[in-house]
Amino acid sequence: MRDSTNPGAPLLEVTDLVKHFPIKRGILIDREVDQVRAVDGVSFRVEQGETLGLVGESGSGKSTACRAVLQLIKPTSGSVRFEGREISGIGRREMRPLRREMQMIFQDPYASLNPRKRIGQIVGDPLKRQGIASGSELRRQVQELLERVGLSSEHYNRFPHEFSGGQRQRIGIARALSLKPKLVICDEPVSALDVSIQAQIVNLLDDLQDEFGLAYLFVAHDIGVVRHISDRIAVMNEGKIVEQGSADQVCENPQDEYTKKLLAAVPIPDPRESRERHSGSVQ
Amino acid sequence: MSTEPSAERGPWSLALRRFLRNRLAVAFLGLFVLIVLFVLAAPLWADNVAHTGPNEEHTVEQITVDGEKKDVVTPEGKPIGPQWFGADGKFFLGADGRLGRDEMVRLMYGGRTSLQIGITAALIATILAVVLALLAGYFRGWVDGLIARTLDTIWSLPVFLIGLALGIALAVGGLKIGPLELSSGSIWNPILVISIFTVPYIARPIRGQVLALSEKEFVEAAVAQGAGPVRVMFSEILPNLASTIIVFFTLMIANSMLFEAGLSFLGAGVQPPNSSWGTMITVGVELLNIQPLLAILPGLMIMLTVLALNIVGDALRDALDPRGKARMDAALEFEAQGGIATGQQGATA
Amino acid sequence: MKKLGAVIAVLVLAALSTIGLAACGGGDDTSSGGGSGQKGGTLNATYASFPDYMDPALSYTAEGWTAMADVYIPLLTYKHANGEEGSEVIPGLAEDLPKISNGGKTYTLKLRPGLKYSDGTPVKASDFPFAVERMIELNSGGSPFYLTIEGAEKFSETKKGPIPGIKANDKTGEIVINLEGPRGTFTNELGLMFVAPLPQDTPIEDLSANPPPGTGPYMITKSQPGKGWEYERNPYWEKANGKAMPDLPEGVVDGAKITVIRNPQSQVDDIEQGTYDWMQNPPPSSRYAEVKEKYEGTQFRVEPTISTYYFWMNTQEPPFDDVKVRQAVNYAVDAKALERIYAGQIVATQQILPPGMPGYEQFELYPHDMGKAEELMKEANPSDTDITVWTDTESPNNEAGEYFNEILKELGFNTQLKIINADNYLTVIGNATTPGLDAGWSDWFQDYPHPNDFFQPLLAGGSILPTNNGNFAKFDNSAVNKKIKELGAEQLGPDQEAAYKDLDKEIMEEAPWAPYGTRTLSTFVSDAIDLESVIFNPTFGHYLSSFEFK
Amino acid sequence: MTRFIVRRLVAMIGVLFAVSVIVFVVFMVLPKQNPAQTLAGKNATPGLVKNIEEEWGFDDSLPVQYATMMKKVFTGELTSYKPRLPVDDRIIEGIPATLSLAVGAAVIWLFFGLLLGYLSAIRAGGWLDRILTGVSIAGISIPVFLLAPVLLYFLSYKLEIFPNAQYVPFSEDPYEWARHLILPWFTLALLSIGFYSRVLRSNMLDVMNEDYVRTARAKGLSERKVMTRHVLRNSLIPVITLFGLDFGATIAGTAIITEAIFSIDGVGYYAAEAVKKFELPPIMGVALYGAFFVVLLNALVDIAYAYLDPRVRLGESASE
């Protein structure tokens, strides 16, 4: 277990983040009659190299929060600071250089890879787009990345449909890492995978964190998975964070009823996974 | 879409393999190629066999068939029938009407015009439709609303009536819209009318597909990596529309050809003395009881071309997207609107 | 054929520009009532299109005139006879032909007594000025014929009557018309339906859907524009008008039902199968030869018209400002080819006046000779050879245009062919602002059998107008202008006819046109009808009163 | 739902307005024609042209002319030039014939389209399927202006099986009404038969692969019952949608060429006549009438869809 009390300026600081979706009614002219409070005043921080787990049932606003942090959707209010800089509400162009620093891994490995593009393009496009590499240098870097995430460099020319779910998620990881970000937001990266594959991916993420000094905002509905990888955990329910604390603290001694419910729902692990989980926690 | 050559198992090569397995489709592709070769050979036939151009008139001339002199057009205005090689290839299919032009030569040159119009109009309509659909489906909101209403309007316009009016407007003074200058007799007139009026038929279904695609996570992924709207539309979404576009494009060629025939029939298409299969049917229908072949031959050519393109389009659809139910519906809906529209639907198409 | 409706359209040829159709029919000058058939029956007939108007003041097409000839009788009318005999103007509602006095400026007529309209209203002398005023107020296309009546021009602007040039006495029935100048064609013009008297309570609006009562042997009982109309006998013909006008036929059939069938192929089928008894328009070109061969003499008759088909050349601009170029074109145009293009429905001529028109005498200045044409072209060596060639969409006129286009190409011109919707064609080529009016196709059907009706509107310098121009060649020759003007003021006689003949030749030497033929129309009836008795008048076409069942 | 319908109707009015403006521009502004010159006839004097211009208002500015024309459209005073008669009357008179043609053709194309589609779906891949597919595509590929005269020539003239068409009102003689309409019905229906059979076939094949159909089979329902009760019924929804759009289009003007060739004096026939004469008022009348039907049936289909599929309602645009 890593020491979670790392001093210094927070890498990501989210304060009072709110995202409301309006419900409009009106025969001809829309009036806002109500709103869905998807994210309703959420605050958390992620330190350099740290993993913050964000748990909650589906519909609790986790994914919306992630997207609001990355400015993929516009937050209704609140502040998002990256390395001390306010990014909430800034323009697309100003946001662009910051995109290098913060990347995302998506939940659905099938939908998140463009089926009409080759792996080399998928992983290499960000590099090319940001002007980091091109030509044979690009190819070399991409192939290196592929190998690093556990794929073969020969996969460079293949299409996504030729890969299994776990392999695809590795591609997604390679894509996220290609720009060498400081923060990676993982939106339920393993929930769509078989249980056996889940562990491999989680371990890979863990290894990469060490290697690249990454910070993760790790979102999942399964508190068991989150507990394994996170330094700290925040529990979200109905758009609000109901409990936040170190991983052990939240899991061993939950304060909120909702957290307790989540913990109770964790399936009884099979022996192998429990072993892995155990060995993981010893690392 | 590939930038790399080695693509043995890419979706395109898979599709090609699936397509080649459909023997009927391959046969009809062959037929289409033959038709293209047929019209391309027009100058060869005109110069070396028929010894006449497509617009040369032989009203009062006589030809020698098996040593016998025959009128090309009788004093009662009856054109000569097919001579096959009886007159050394002259009037192989007879004369085209009372002006005594060589039907075979006109059929070949007319086919060029028809195919040229079909392909160009289909290309323009498809490009316009895809751009509009991308804009509407990606930006949504008022952009979508505006585009949708514009398409609705085009859809509701009486195409043939308008084509006709444009024909008159162009003949009298020509038309200048910005840098675009049109004059009567230009084949750009039917091309323009056809492409504008067929845009809705393609844009509607593609817009739906763009809507669905832009919800996909890979689009978010691209945005997360700093891709702007243009890049997302053209580099992420567009490649996924490729199979639909190809299918539509083949079907649109067929449709445009029928549409052109309809416009020409109404006098708003290809202008005499030039011929297209549509104008030839028009002339032929009038002489149906004298020389039925004059209407039936160009009709048959259109039918075969359209048939070939439809079957090839169908097979492409199956090959490119074997499980793509949504796309299939879209393509079918397109045909419901566009397919019937061509040459047949008056007010709407 | 490039028309909506298409197969349809060969038809209307005549319809479109034709006015008055000539006869001079096949030597067999059967006059009215020649047959020996049954009286009664209802004629079931078809027209290819509904007349422009079913209102005598407005109609200016062959269909309209044919449809209404036995319904609305003017003060004067044309003899119910074929051919040249039918060109004779005879008294209609008037007792006699007009007395012309005051140097050709005053026309005096007297209404026959005892006449009644089909609704029973007595006919009054003042109905005539009413009809003239109504026609002018409706802005009828026929009004220009009558603007030489004193005060008519002013009336057409102000629409405030009465027109001082017409005096009518209801008691005596006397009608006196004063013209501003002598007008040799006015007698002919009084015989047109535009000025057929109408009851004075007739609304001043287009009555096509509800035609007003008339004085002829038949009345229109039902009119459905676009679809058809029906006739019945005028009950007051037997009671009154027939007795007052014994020289006009009473008609054989009891009535008629007209159906508009736009597809002339169907019309021919229907006649052959006996579904209908008569079609007003000729069979389409593609059926013409077949019908002629099968039915000529039994159910079919060719009817010559007083018309000229021609190609015009703009004499005021290069390259056609050079007479040699125009003559070259005349040599190059082969009337034989055009006969074939019209499937035998024109007879080749090379002059302005057609056969059947007083003053016609055949000559042939430019026998087809391509060598001569090329020679003349070489001599003229025109510098500007980029030209636009115009024609309309009606088959075979469009093909004639294509032919002309090809001929000009052979002569070395760079041509562009423009084919305009038939109903707009004259407006387009008659508008000076239309660019590229170099050469093109046109035709002219007489309004009435008087040679002035050709020269004045088509070739007089004064007829060159910025819009609605009829002088497409923009031919403006002061000697010719003077002769047209002088002859136009005189009543037609042998001297005048000879002068018109010379004028014809004089103009053709200048070659503003390349005329190629005169159109023939036809009578085509089912085998139930007695072909012999059917009359085709050069001005009004087929008279309904002449049809009888065998 | 109300909101959706109201918005759709407002959009409809917008579309009709746009159609009217475009028709006006295309027929009045672009051709640079002065109808007065055409109306004045071949013997016209400048004075006559001027009088006619004043009478009809052709000397007004174009926006004024447009406004006048639209006012006449709403008050029902729109008048054709030649003859000068109300446009409304002709359109209303034409509707029975056009409806007879459209309804009859629709019945035929639905009946045969569905029958053939059903047959080829249950025999998918077999020779019958292939033949039917070929025939239906061929049907789509024949231009109607070739088919109609050929049918008329051979069946009516040569073989005298059918009368020369022309419309006989149903009220006059129902038997003759039908006899005269058979050829035009089939001409108009032929393309749609092919098309509908293809749509139905592909929908049925999709539905056959759905779970509930397999379940139905597993329950031991007879093949025929499975096909008719489950597969056919569920495959018909998109067909009905298409039918709504096509039927609107047919009434609106599909029939122009068919009506003209078969001399059926419906609205399409009137449109053909108006175009031939190049008269704006009837063209405007017919265009608005046609656009109204197209837009109305489009809207109805959309509303029906929205009713069946609430997701559409939530969408930003009402066009799908």
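- Going from atom CD of Glu205(C) over to atom CG of Leu85(D) covers 9.5 Å, rounded to the nearest 0.5 Å.
- Nearest heavy-atom pair, Lys42(D) versus Phe445(C), reported as atom, atom and distance to 0.1 Å: NZ-O, 3.1 Å.
- Only the backbone of Tyr81(D) comes within less than 4.5 Å of a heavy atom in chain C; its side chain stays farther off.
- Considering only heavy atoms from C-beta on, Lys277(D) stays 4.5 Å or farther from Asn424(C) through its side chain.
- The distance from the CD atom of Gln224(C) to the CZ atom of Arg90(D) is 9.0 Å, given to the nearest 0.5 Å.
- Using a 4.5 Å cut-off between heavy atoms, Glu259(D) does not touch chain C at all.
- Taken to the nearest 0.5 Å, the OH atom of Tyr167(D) stands 9.0 Å off from the NZ atom of Lys227(C).
- Ser156(C) is not listed as a side-chain neighbour of Leu48(D), based on a closest heavy-atom distance of 4.5 Å or more.
- Rounding to the nearest 0.5 Å places OG of Ser140(C) at 8.5 Å from CD1 of Ile52(D).
- The part of Leu147(C) that comes within reach of chain D is its side chain, from C-beta onward, which places non-hydrogen atoms under 4.5 angstrom from that chain.
- Although no hydrogens or angles enter the test, the distance criterion places no donor-acceptor pair under 3.5 Å between the side chain of Asn468(C) and the main chain of Ala44(D).
- Of the listed residues (Ser208(C), Pro457(C), Gly142(C)), the one with the most heavy-atom contacts under 4.5 Å to chain D is Ser208(C).
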Next on the checklist: Walk me through whether Asp206(C) and Lys82(D) qualify under salt bridge (charged side-chain N to carboxylate O under 4.0 Å, His left out).
Outcome noted: CA-CA 9 Å; Asp206(C) 177 10; Lys82(D) 216 176 180 187; over 6 Å; no
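- Residues Asn43(D) and Tyr60(C) bring a donor and an acceptor atom of their side chains to less than 3.5 Å of each other.
- Each of Leu138(C), Thr275(C), Asn469(C), Thr259(C) has some count of heavy-atom pairs under 4.5 Å with chain D, and the biggest count is that of Leu138(C).
- Atom NZ of Lys154(C) sits in a sparse spot, with 12 or fewer heavy atoms from other residues, nucleotides or ligands closer than 6.0 Å.
- The contact between Phe145(C) and chain D is made entirely by side chain atoms (from C-beta outward), counting heavy-atom distances below 4.5 Å.
- Contacts of Val268(C) with chain D are absent, with no heavy-atom separation under 4.5 Å from either backbone or side chain.
- Side-chain contact between Gln265(C) and Leu152(D): absent, with no pair of heavy atoms (C-beta onward) separated by less than 4.5 Å.
- For the 3.5 Å distance criterion, the side chains of Asn139(C) and Glu55(D) qualify, holding a donor opposite an acceptor.
- In Phe292(D), the CZ atom is not crowded: 12 or fewer heavy atoms of neighbouring residues, nucleotides or ligands sit closer than 6.0 Å.
- Of residues 169-178 of chain D, not one residue has a non-hydrogen atom less than 4.5 Å from any non-hydrogen atom of chain C.
- Between Glu157(C) and Lys50(D), no side-chain nitrogen of the basic residue sits less than 4.0 Å from a carboxylate oxygen of the acidic one, so the salt-bridge criterion is not met.
- Within a 6.0 Å sphere centred on NZ of Lys222(C), heavy atoms belonging to other residues, nucleotides or ligands number 12 at most.
- Legend: residues meeting side chain to side chain donor-acceptor pair (under 3.5 Å) with Asp52(C), ordered by chain and number and at least two apart, are Ser59(C), Thr61(C).
- Note that CZ of Arg84(D) and OH of Tyr53(C) are 5.0 Å apart. Values are rounded to the nearest 0.5 Å.
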Next on the checklist: Go through it in stages, so that I can follow the logic: the residues are Glu160(D) and Asp269(C), the test is side-chain contact (heavy atoms from CB on, under 4.5 Å), and I'd like the CA-CA distance, side-chain angles, deciding distance and then a yes or no.
Outcome noted: CA-CA 10 Å; Glu160(D) 297 192 27; Asp269(C) 300 349; over 6 Å; no
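- Using a 4.5 Å cut-off between heavy atoms, Glu153(C) makes no contact with chain D at all.
- Side-chain contact between Asp423(C) and Phe278(D) is absent, with no heavy-atom pair separated by less than 4.5 Å.
- The two residues Ser263(D) and Arg262(C) have their closest heavy-atom pair at OG-N, 3.6 Å.
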